[in-house]
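To start, the structure itself, in structure tokens.
Below, chains carry the letters A, B, ... as their sequence lines are ordered, and counting in each starts from 1. Keep in mind that the numbers below use all heavy atoms, side chains included, and drop hydrogens, waters and symmetry copies.
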2 protein chains.
Amino acid sequence: MTDWIADTPSLSALSPASKTRLGALQPMALPRGAVIFRPGDDVTGFPVILSGRVEVFLTGAGGRELLLYAVEPGQTCVQTTLGLLGGDASYSAEALCATDSRAILIPRPVFLTLMDSDPAFRQLVFTAFAERMGGMIQLMERVSFQSVECRLAAFLCNRAENGRVQATQSEIAAQIGTAREVVSRRLDAFARRGWVRTERGAVEIIDAPALRRLALAEGL
Amino acid sequence: MTDWIADTPSLSALSPASKTRLGALQPMALPRGAVIFRPGDDVTGFPVILSGRVEVFLTGAGGRELLLYAVEPGQTCVQTTLGLLGGDASYSAEALCATDSRAILIPRPVFLTLMDSDPAFRQLVFTAFAERMGGMIQLMERVSFQSVECRLAAFLCNRAENGRVQATQSEIAAQIGTAREVVSRRLDAFARRGWVRTERGAVEIIDAPALRRLALAEGL
DNA sequence: TGAACGAAGGTGACCTTGTCACAGACAAGG
DNA sequence: CCTTGTCTGTGACAAGGTCACCTTCGTTCA
């Protein structure tokens, strides 16, 4: 087993005592698609992602989904912090592994001890919290004030690798908080303008600058 | 001048040293309508509301507004915590006094000292943070998955005093994150069903149970 | 091998929301 | 009075969400 503490930059500032305490924990392997938690689950501990990517979704009545945020290596999950520190200790969102991942789960008592004893750990949790909150406010702004077209363009720009985005239209819809049908129609509109080409399970980007211009047109 | 620390329950658990430190600060009087901060302002300190009510809005391109959360006595502002602890130190939202209010502003250095030295203060800031985050997620859920009709009904139920809601339709629109015209039409629909009666600057509630049923119809 | 099934994507119809433009109603002060 | 600014109502239209249903692919498995 690798020394996961040394391999995780965000943990490097922790005190030696904290590292010792955490050293006893075993990383878990989580396959792509694994459910970390669902709405209503109890909070049993504080997960830290070591590798991979976990996505946290809100699910609405009609089955529509909205990506709240993604957790990447070294980051922590706010939903959990919320449960461990605040009032109600259950989740209101759903977390799924977007890729194969490894994570540790810090049990609640250990978490509380670290919070009280290690300023570096506090700092870690706090800045994670602050960043998430900022992200949530930006998300709020995008979802309620920006057009779907604009959000879609921004998404395509961000997720593109070698001019391609590997994702089904349903997935894209969940990421930007709209319905699949709308994504289908918007992508079609982009395609007719010659900006993209759609395939089953992927979108090929032809005119990235045009998309970027559109993404920036409506404010941030 | 009254002893504002003793009068604020949420501060009672602080250590004597913290109280001494805070005792030197002078409460500020803020009239209704006063602007606490605007987008782009720098974060100079950590405000704690002693009395009154402060509302924090997000403002979109077309001038549309959305109430993110309200700060009530003993509570603190997350936007600020975010600025003091996280990366970027400027606000992305706007805070207005909804009523005449009193507040203290804890200067940044004092805030940071208290965070490191007083577990009770930490607890205070942290739970405030956790509660806000929970509230933001609920807001997200309402704004992106619930109909305007439902949100409006819920708002009327919550804000009613003696069967009346004192607010202009513009204010209501900002509170539930929609456009004024839409509020006008929805209220009209409620009125035709005999549930409310509208006046200039107020809404009288006639059939509260009907509204409550509608508010609960689409999940929380 | 080919029938069947399920996931992904396309489309039309329809309703709800948001936007724009503008008009009437009302309150407070000159 | 008359004016001015705020509050409210309305029609027309565009954008987005929902529903129903169909087509097109891959995969599986009998």
*Could you check if a side-chain atom of B:V71 sits within less than 4.5 angstrom of a side-chain atom of B:R53, using non-hydrogen atoms only?*
no

_Whole-Å distance separating the CZ atom of B:F145 from the C1' atom of D:dT18_ = 14 Å

*Tell me, do A:L25 and A:I106 make a side-chain contact under 4.5 Å, heavy atoms counted?*
yes

*Atom CD of A:E149 to atom P of D:dG17: distance rounded to whole Å?*
13 Å

*Starting at CG of A:L187 and ending at C1' of C:dT11, how long is that distance when rounded to a whole Å?*
15 Å

*Are any of B:R185's side-chain N or O atoms less than 4.0 Å away from OP1 or OP2 of C:dT16?*
no

_Side chain of B:T198 (C-beta onward), nearest among C:dG18, D:dG17, D:dG9_ = D:dG9

*Rounded off to whole Å, could you give me the CD1-to-P distance for the B:I172 and D:dG9 pair?*
11 Å

_Under 4.0 angstrom between A:R64 side-chain N/O and D:dT18 OP1 or OP2_ = yes

*Which nucleotide sits closest to the side chain of B:E181: D:dT8, D:dG16, C:dC20?*
C:dC20

*Going by heavy atoms in the side chains, are A:I49 and A:Q75 under 4.5 Å from each other?*
no

_N/O (side chain, A:S184) to phosphate O (OP1/OP2, C:dA8) under 4.0 Å_ = no

*Between B:D188 (CG) and D:dT10 (C1'), how many Å, whole number?*
10 Å

*Assign A:G201 to base, sugar-phosphate, or nothing according to its heavy-atom contacts below 4.0 angstrom with the strands shown.*
sugar-phosphate

*asked:* Side chains of A:M140 and B:M140, heavy atoms from C-beta outward: is any pair under 4.5 Å?
replied: yes

*How do A:G62 and B:E171 order along DNA chain D: which one's closest nucleotide is nearer the 5' end?*
B:E171

*Shortest non-hydrogen contact from B:C157 to B:L211?*
SG-CB, 3.8 Å

*Return no unless some side-chain N or O of A:Q169 is found under 4.0 Å from OP1 or OP2 of C:dG10.*
yes

*Do any N or O atoms from the side chain of A:S10 and from the backbone of A:G74 form a donor-acceptor pair under 3.5 angstrom?*
yes

_Basic-acidic side-chain contact under 4.0 Å: B:R32, B:E55_ = no

*Verify the contact: side-chain N or O of A:T178 to OP1 or OP2 of D:dG17, cut-off strictly under 4.0 Å; return yes or no.*
yes

*What nucleotide among D:dT10, C:dG18, D:dG5 has an atom nearest to a side-chain atom of B:V148?*
C:dG18

*What integer distance in Å separates B:R186:CZ from C:dC15:C1'?*
10 Å

*Quick check: does any side chain N or O of A:N158 sit under 3.5 Å from a backbone N or O of A:F155, one acting as donor and the other as acceptor?*
no

_B:S147 side chain, from C-beta outward: closest of C:dT17, D:dT10, C:dT19_ = C:dT17

*Side chain of B:R180, base of C:dG18: donor and acceptor closer than 3.5 Å?*
no

*Can you tell me how far P of D:dG17 sits from CD of B:Q146, to the nearest Å?*
16 Å

_Once you apply a heavy-atom cut-off of 4.0 Å, does A:E199 come out as touching a base, just sugar-phosphate, or nothing?_
sugar-phosphate

_Nearest listed nucleotide, side chain of A:V182, among D:dG5, D:dG16, D:dT24_ = D:dG16

*Five-pair end axes of the helix from C:dT1-D:dA30 to C:dG30-D:dC1 and the angle they enclose, rounded to 10°*: 10°

*To the nearest Å, how far apart are B:R200 CZ and C:dA25 P?*
12 Å

